[in-house]
Amino acid sequence: MRRALTPTHADVCRYSKANDGGAVEGNTTRAVARERMRAVLALTVLLLPLASYGLARMGAVPEGTPIAVGLLSVTAGFVLLPAL
């Protein structure tokens with residue numbers, strides 16, 4: 001039986017692993033940095049409204065601040081998190 005002229009997925013993976021040198025390491029570093037940035041952004045989106053609520057309870061900021069900060073962080077989260 002003759003082999004097909006188009007490469008299979010295994011052939012492509014084997015070729016790319018053998019010939020890209022340090023590119024895999026660079027891609028891994030970027031992927032880790034991207035995941036770290038996503039985690040930090042998600043944590044920020046979750047903690048900003050809680051922090052502003054605490055500051056409003058102490059009287060350090062006006063009482064309407066937690067609502068505004070919450071809306072801004074939710075909006076930023078919906079826009080920025082999918083982009084990462």
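- Taking 4.5 Å as the limit, some side-chain heavy atom of V40 sits within range of a side-chain heavy atom of T44.
- With T65 contributing its side chain and V61 its backbone, the two residues share no donor-acceptor pair below 3.5 Å.
- Partner S52 forms a side-chain contact (heavy atoms from CB on, under 4.5 Å) with one of V69, I67, L47 and no other, that one being V69.
- Inter-residue side-chain proximity for P66 and P49 is flagged as unmet; no heavy-atom pair is nearer than 4.5 Å.
- Linking Ile, Leu, Val, Met, Phe, Trp and Tyr whenever their side-chain heavy atoms come within less than 4.5 Å puts L50 and L43 in one cluster.
- Distance check, rounded to the nearest 0.5 Å: CD of E63 to OH of Y53 gives 10.0 Å.
- The line from CG of L46 to CG of L41 is 9.5 Å long, rounded to the nearest 0.5 Å.
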